[in-house]
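The structure under discussion appears below in the form of structure tokens.
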Amino acid sequence: MPAHWPCGKEKGRKPMHVKNNIFLIGFMGAGKSTIARYLHRKYGMEWLEMDKEIERKQGMPISEIFRLKGEEYFRELETELLLSLEEKEHTVVSCGGGVPLRSCNVEAMKKSGIIVFLTARPETILERVKDSHDRPLLEGHKDVEYIAELLAGRQKKYEAAAEFLAATDGRSAEEIGEEIYRHVGEIGEKQA
Ligand code: S3P
């Protein structure tokens, strides 16, 4: 049975036959959850928040998984979760910031959807994450220099993984969400 795009609330657009999931990647605080929520509400896409799903399955917060089992264990959980999403359709996945660092994760995402890289300047990221304490990699490092360095080390992998890049600095969720949805629709039309 072909998958159709869009099949949510939005009517009157051409259906898309393949790749109808969207994987949002990018650094912590890039706005992945915000944009995923927008696409969920506006277009009725199923919304999967990787961190929340992992927390639900493990019965503890990410910070506890890092503390008790270590980062490598958490990375295995991310890969396991991605591989289990093969059958998903019309789903927007808000990925953890480290997901594109493993090539097997990127392969798994490419098989079932379009990867969109949300970018943000280190200053913007700091502003967005400064008051939260649920990201173990940033605890004790809430400064622009640290964020810029970690981001620089990941940038190439984010760019290599993504088919589409959307800047988020100073833009509303609506602007970004519409840009992504339009772009994904265009890809679908070319493939149909
Ligand atoms: C991480 C990002 C976090 C979370 C974990 C590790 C990372 O998710 O998966 O703390 O390595 O960048 P968000 O990007 O949703 O904050």
Side-chain angles (χ1 to χ4, degrees), residues 1-54 78-79 81-121 124-125 128 151 154-192:
M1 199 174 71
H4 291 286
W5 177 281
C7 55
K9 296 169 188 164
E10 182 82 344
K11 302 271 193 305
R13 291 206 193 194
K14 240 179 134 183
M16 178 167 129
H17 297 282
V18 282
K19 280 195 160 192
N20 70 352
N21 299 309
I22 298 176
F23 293 90
L24 299 177
I25 64 166
F27 202 77
M28 296 168 268
K32 293 161 291 183
S33 305
T34 305
I35 302 305
R37 186 190 308 114
Y38 177 84
L39 293 173
H40 164 68
R41 289 190 179 157
K42 175 81 187 281
Y43 295 107
M45 296 186 76
E46 189 184 332
W47 171 19
L48 192 130
E49 188 74 24
M50 283 188 65
D51 284 348
K52 287 218 168 69
E53 186 61 15
I54 288 173
E78 286 186 314
T79 299
L81 174 57
L82 272 179
L83 294 175
S84 76
L85 302 181
E86 227 172 69
E87 301 296 315
K88 288 276 182 203
E89 289 187 0
H90 201 241
T91 298
V92 56
V93 182
S94 169
C95 297
V99 163
L101 305 181
R102 280 190 168 191
S103 54
C104 60
N105 291 347
V106 176
E107 267 172 46
M109 292 190 282
K110 281 191 171 162
K111 271 189 195 152
S112 64
I114 288 168
I115 306 176
V116 177
F117 173 26
L118 298 183
T119 69
R121 286 193 300 268
T124 307
I125 290 170
R128 292 179 185 160
L151 177 58
R154 292 176 169 194
Q155 184 78 12
K156 280 205 171 71
K157 294 220 165 156
Y158 288 146
E159 285 174 6
E163 283 174 68
F164 184 62
L165 185 151
T168 68
D169 300 282
R171 300 178 74 203
S172 70
E174 182 176 9
E175 254 178 280
I176 302 161
E178 291 303 320
E179 181 186 29
I180 292 170
Y181 197 82
R182 199 171 48 243
H183 179 79
V184 171
E186 279 163 15
I187 291 180
E189 283 173 16
K190 279 188 205 136
Q191 287 172 345

Report yes if some heavy atom in the side chain of Val116 is under 4.5 Å from a heavy atom in the side chain of His183; otherwise report no. no

Kindly give the heavy-atom pair with the smallest separation between Glu53 and Leu81, and that separation in Å. CG-CD1, 3.7 Å

Considering residues at least two apart in sequence or located in another chain, which fulfil the side-chain hydrogen bond (donor to acceptor under 3.5 Å, both in side chains) criterion with Arg37? none

Among residues at least two apart in sequence or on other chains, which ones pass salt bridge (charged side-chain N to carboxylate O under 4.0 Å, His left out) with Glu174? none

Minimal heavy-atom distance between Ala173 and Thr34, with the atoms involved, is CB-CG2, 3.9 Å

When you measure from the side chain of Thr91 to the backbone N and O of Glu89, does any donor-acceptor pair fall under 3.5 Å? yes

Are side-chain heavy atoms of Met109 and Val93 found at a separation under 4.5 Å? no

Those residues that, when tested against Thr124, pass side-chain hydrogen bond (donor to acceptor under 3.5 Å, both in side chains) (two or more places apart): Asp169

With sequence neighbours left out, write down each residue that passes side-chain contact (heavy atoms from CB on, under 4.5 Å) with Ala36, or none if nothing qualifies. Leu24, Trp47, Val92, Ser94

Polar side chain donor-acceptor pair, Arg128 to Thr168, under 3.5 angstrom: yes

Derivation and outcome, side-chain contact (heavy atoms from CB on, under 4.5 Å), residues Ile180 and Ile114: CA-CA 10 Å; Ile180 292 170; Ile114 288 168; over 6 Å; no

Test item: Leu165 and Thr119 side chains (from C-beta on) under 4.5 Å apart, heavy atoms: yes

Ile25 versus Val106: any side-chain heavy-atom pair under 4.5 Å? no

Under the salt bridge (charged side-chain N to carboxylate O under 4.0 Å, His left out) definition, can you give me all pairs with a residue in residues 20-32, not counting sequence neighbours? none

Smallest separation among heavy atoms of Pro100 and Gly96, with atom names: CD-O, 4.2 Å

Side-chain contact, heavy-atom cut-off 4.5 Å: Met50 with Leu82? yes

How about Phe27 and Gln155: do any of their side-chain heavy atoms sit closer than 4.5 Å? no

By salt bridge (charged side-chain N to carboxylate O under 4.0 Å, His left out), Arg171 pairs with (sequence neighbours left out) Glu175, Glu179

For Lys52, check side-chain hydrogen bond (donor to acceptor under 3.5 Å, both in side chains) against everything at least two apart and list the hits. none

Kindly give the heavy-atom pair with the smallest separation between Asn21 and Lys88, and that separation in Å. ND2-O, 2.8 Å

Heavy-atom donor-acceptor pair, His40 side chain to Glu46 backbone, under 3.5 Å: no

If you look at every heavy atom in Ile176 and Ala167, which pair is closest and at what distance? CG1-O, 3.9 Å

Run the salt bridge (charged side-chain N to carboxylate O under 4.0 Å, His left out) test against Glu159 and tell me which residues pass, sequence neighbours left out. none

Kindly write out the residues that satisfy salt bridge (charged side-chain N to carboxylate O under 4.0 Å, His left out) with Glu49, not counting sequence neighbours, or none if the list is empty. none

Residue list, side-chain hydrogen bond (donor to acceptor under 3.5 Å, both in side chains) with Thr79, at least two apart or on another chain: Arg102, Asn105

Test ring-ring contact (aromatic ring centres under 6.0 Å, His included) applied to Phe117 - qualifying residues, sequence neighbours left out: Tyr158

